[in-house]
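What follows is one structure encoded as structure tokens, with my remarks underneath.
Computed from a predicted structure; not experimentally measured. First the proteins, then the strands, lettered A, B, ... as listed; each starts at 1.
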Amino acid sequence: MFKIVEKEILAEGIKRIKISAPQIAKKALAGQFVIIRIDEKGERIPLTIVDSDKEKGIITLIFQEVGFTTNLLGELEIGDEILDCLGPLGKSTEVEKYGKIICIGGGVGIAEILPISKAFKERGNFVIGIIGSRSKELLILKREMRQICDELYITTDDGSYGRKGFVTDVLKELLTHQSINSSVHRLVYAVGPVSMMKKVCETTKVYNIKTVVSLNPVMVDGTGMCGACRVSIGDETKFCCIDGPEFNGHLVDFEELEKRLNLFKEKELCLLRR
Amino acid sequence: MSSQKIICQLPEERIKNFNEVSLGFTEEQAILEAKRCLGCKEPKCAEGCPVDIDIPAFIRFVAENRFDLAIAKIKEKNNLPAICGRVCPQEDQCEIKCVLGKKNEPVAIGSLERFVADWEMTNERKETEQYSQSILYSQQLKVAVVGSGPAGLSCAVDLAKFGYRVTLFESLHKPGGVLVYGIPEFRLPKSIVSYEIENIKRLGVEIVLNTLIGKTYTLDDLFKQNFKAIFIGTGAGLPQFLKIPGENLNRVYSANEFLTRINLMRAYEFPEYSTPINIGEEVIVIGGGNVAFDCARCAIRLGKRATLVYRRTEEEMPAREVEIKNAKEEGLNSQLLTQPIRMIGDSDGYVRELECIRMELGSPDESGRRRPIPIKDSNFILDTDTVIVAIGQSPNPLIPKVSPDLKVNADGTIWVDSDLMTSIGGVFAGGDIITGADTVISAMGAGKKAVRSIDRYIKKK
């Protein structure tokens with residue numbers, strides 16, 4: 001059993017919980033995730049490990065209440081327990097020194113880009129952050145991102161905070177400028193909705209900048225056993241749970257990923273209606 | 001005297017539920033069947049058993065109505081009789097060697113094993129309890145077993161009996177490995193697996209769930225925790241795909257995913273259980289092994305039409321005869337001598353058609369079965385809305401991937417010496433992880449064999 005020791009509402013429908021999971025906390029690195037199952041009748045879902053405290057034996061998870069299980073998780077309070085938690089899973093982020101890099105987070109993906117930005121910053125990179133959400137109410141972790149990033153740009157779709165528009169608008173400008181003042185960006189790292197990651201990759205492809213994305217397909221076991229999470233990377237099929245979750249964004253078949261993510265939408269509605 | 005007829009759920013009834021198909025022998029039937037045994041002086045049946053059960057001896061006890069002694073005799077060698085009685089391919093192992101089988105039906109050894117194991121479950125088990133109490137005192141030295149499938153379970157039990165303190169690590173939330181995620185309820189009720197696992201806990205084995213060795217702990221971590229040896233029994237869990245176009249379309253599943261959703265996560269009880277399965281009405285299962293049949297029969301129980309697509313003929317199918325027969329009774333269709341070459345989807349990314357090519361059999365290949373050869377220009381289309389790929393599993397690559405010192409063979413199996421020790425001292429491996437996908441009983445045999453090596457290794461140190 002894994003006890004919830006802290007809980008916080010970050011935005012409408014986005015929550016942060018801290019769970020006591022000492023062994024996972026000891027091993028977790030940026031980019032990795034856990035699979036949780038709330039109770040005996042529950043499904044297994046993957047969630048990114050946003051932070052881990054080795055001394056206290058605690059991991060932090062941030063999730064958006066988009067489906068049955070995330071809603072159920074959101075209803076749990078401090079002191080409640082989660083039945084199963086397996087991790088840390090997936091490969092960790094390859095944190096190297098590149099120089100100047102851009103870290104992009106969209107929506108709840110900001111929760112994931114935060115530890116990655118932190119890891120790159122600690123490795124001595126100059127980190128430019130771009131985060132965006134639909135509106136001011138849904139924007140999370142701007143304070144934390146500001147602390148980490150050397151530069152931070154914020155966008156909202158409706159213009160209620162920061163700049164009106166999309167993260168890719170800012171990205172395009174930064175990349176256009178780099179060719180003028182020759183300050184080259186070595187890496188773009190993006191986490192967020194599939195459509196956002198796809199647009200980011202289309203943009204960076206033009207400039208031939210290495211681009212890494214963290215994918216979020218459906219998973220069951222998370223250990224390479226079922227293949228629910230298979231994604232097309234170039235000519236190859238990869239299992240996101242053990243080969244990922246990070247991939248070269250320029251090789252990802254985002255359309256396929258988007259379609260595969262729709263597979264259980266109807267079933268999800270059926271659960272939510274109960 | 002002919003073999004006793006086992007009562008089964010009728011096909012028209014059993015396709016509406018996931019309950020066990022075979023109901024097993026009654027006491028009277030078991031005794032009558034046991035009395036058929038000739039008690040050969042040099043019994044051939046025992047030679048066919050991968051774990052060396054003294055088959056004539058246990059059968060004699062059944063014939064004498066001493067079921068307690070019969071189960072004790074089996075348990076000298078086999079730790080999971082209720083499971084083996086159900087899923088062992090006895091027809092290729094012990095029963096095939098029975099001399100009665102030359103002219104008539106062989107003695108139904110598997111069904112007798114199942115009978116006495118089930119008998120024990122409904123009766124007291126004082127003896128095993130006393131037994132376990134006495135060995136618990138001796139358990140001092142720690143040994144880690146990785147993976148709680150057939151190899152790991154059988155290894156853990158024997159280690160405990162040898163007086164070791166065993167911790168069994170499992171990545172999933174339930175112990176049992178393929179016995180719980182793979183083999184469906186109607187062939188192996190999960191209550192039986194839990195019963196056997198409870199027995200194992202009584203022997204002092206500690207089971208730690210939600211722990212993926214290689215990630216949660218490395219092999220080094222385990223040695224640092226003072227485990228004197230490690231047994232890797234992580235099995236063949238990596239699903240193979242055909243590598244043909246369209247395989248990542250929606251409603252194309254690996255057998256593992258399909259079965260895991262249904263068996264482990266109980267998607268057949270959705271939405272009571274919240275793991276869904278999204279399948280259409282025309283399910284195609286590709287493959288000819290037990291796993292393929294398990295998938296097809298699950299689909300039938302979910303109210304769907306199921307068709308098996310296999311590239312050879314029924315004769316070459318690796319599946320057990322009884323399962324092929326059961327599946328046919330349940331309405332399974334088949335397209336034999338058929339090789340899929342492409343999956344075609346609609347604009348939403350859902351599979352709609354399976355393009356196939358007809359095959360003919362040529363000369364035998366390395367497996368001894370006749371090699372299927374494509375017939376030119378014989379392409380045709382099968383309409384479908386769900387495809388399950390059940391063409392086999394490869395060894396689980398996770399531990400080798402994160403353990404650079406662990407030597408791996410070209411086919412992904414872990415290299416071991418004749419004592420089942422890997423290239424890392426004190427780390428042993430057995431079961432599907434060293435052989436590739438094989439039977440439950442051969443994995444159990446490997447688990448037992450490893451115990452003797454582990455014991456020698458620790459005592460030598």
Side-chain angles (χ1 to χ4, degrees), chain A residues 2 21 23-24 26-27 32 34-44 67-69 72 83-91 218 220-232 236-237 239 242-243 253 255-268 270-274, chain B residues 170-174 177-178 181-182 208-212 214-218 221 234-241 243 247-261 264-267 269-278 345 347-350 389 393 396-398 401-402:
Chain A
F2 301 82
Q23 185 54 32
I24 299 174
K26 204 182 267 180
K27 291 277 172 181
Q32 291 188 298
V34 289
I35 294 257
I36 65 152
R37 190 177 74 127
I38 297 175
D39 56 34
E40 199 48 52
K41 293 184 175 176
E43 63 179 331
R44 295 167 66 95
F68 176 78
T69 300
L72 197 63
L83 186 57
D84 303 297
C85 181
L86 169 69
L89 302 173
K91 288 184 182 163
V218 170
V220 184
D221 64 284
T223 65
M225 225 184 64
C226 81
C229 66
R230 57 196 194 276
V231 286
S232 293
E236 287 181 280
T237 290
F239 286 8
I242 52 168
D243 302 320
D253 185 341
E255 264 144 66
E256 179 188 278
L257 175 63
E258 202 147 35
K259 284 174 182 165
R260 286 185 67 81
L261 282 167
N262 284 329
L263 181 57
F264 295 104
K265 285 268 160 75
E266 236 170 82
K267 297 279 177 185
E268 194 71 46
C270 168
L271 276 173
L272 287 166
R273 274 198 297 266
R274 280 175 84 222
Chain B
E170 168 57 46
S171 69
L172 290 170
H173 55 262
K174 265 202 188 104
V178 72
Y181 76 73
V208 178
L209 302 172
N210 293 315
T211 304
L212 182 60
K215 292 283 182 184
T216 318
Y217 297 103
T218 60
D221 290 337
T234 46
L238 181 71
Q240 290 168 7
F241 285 92
K243 299 197 192 309
E247 222 168 0
N248 291 349
L249 286 164
N250 280 350
R251 287 182 172 168
V252 178
Y253 294 96
S254 74
N256 268 4
E257 179 182 358
F258 182 74
L259 292 174
T260 299
R261 285 181 179 275
L264 178 72
M265 306 308 296
R266 300 175 76 149
E269 294 181 83
F270 180 88
E272 171 73 13
Y273 283 75
S274 46
T275 302
I277 182 90
N278 181 348
S347 57
D348 294 326
Y350 284 75
V389 182
Q393 285 88 231
N396 214 316
L398 200 130
K401 260 188 190 173
V402 297

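- One finds a salt bridge joining A:D243 and B:K401 here, because a Lys/Arg side-chain nitrogen approaches an Asp/Glu carboxylate oxygen to under 4.0 Å.
- Note: B:F241 and A:F239 have perpendicular aromatic rings, judged against thresholds of 30 and 60 degrees for the angle between ring planes.
- In this structure, chain B has a heavy atom under 4.5 Å from the side chain of A:R37, while its backbone stays farther away.
- Looking only at distances, a side-chain donor or acceptor of A:Q23 sits under 3.5 Å from a matching main-chain atom of B:T216.
- Contact annotation: the side chain of B:L172 approaches that of A:R44 to within less than 4.5 Å [non-hydrogen atoms, C-beta and beyond].
- Of the listed residues B:D348, B:N396, B:L398, the one with more heavy-atom pairs under 4.5 angstrom with chain A than any other is B:D348.
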Steps toward side chain to side chain contact (heavy atoms under 4.5 Å, CB included) verdict (A:V218, A:R260): CA-CA 8 Å; A:V218 170; A:R260 286 185 67 81; over 6 Å; no
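- The contact between A:L83 and chain B is made entirely by backbone atoms, counting heavy-atom distances below 4.5 Å.
- Looking at A:C85, only its backbone comes within 4.5 Å of chain B, counting heavy atoms on both sides.
- Note: B:H173 leads B:H173, B:K215, B:R261 in heavy-atom pairs under 4.5 Å with chain A.
- Using a 3.5 Å distance cut-off with no hydrogens or angles, the side chains of B:T260 and A:D221 do not pair a donor with an acceptor.
- Among the candidates B:L212, B:V252, B:N250, B:L249, the residue making the largest number of heavy-atom pairs closer than 4.5 Å to chain A is B:N250.
- For A:E255, no part lies under 4.5 angstrom from a heavy atom of chain B.
- With a threshold of 4.5 angstrom between heavy atoms, A:V34 does not approach chain B through any atom at all.
- No other option in B:L259, B:I277, B:L264, B:L209 has as many heavy-atom pairs under 4.5 Å with chain A as B:I277.
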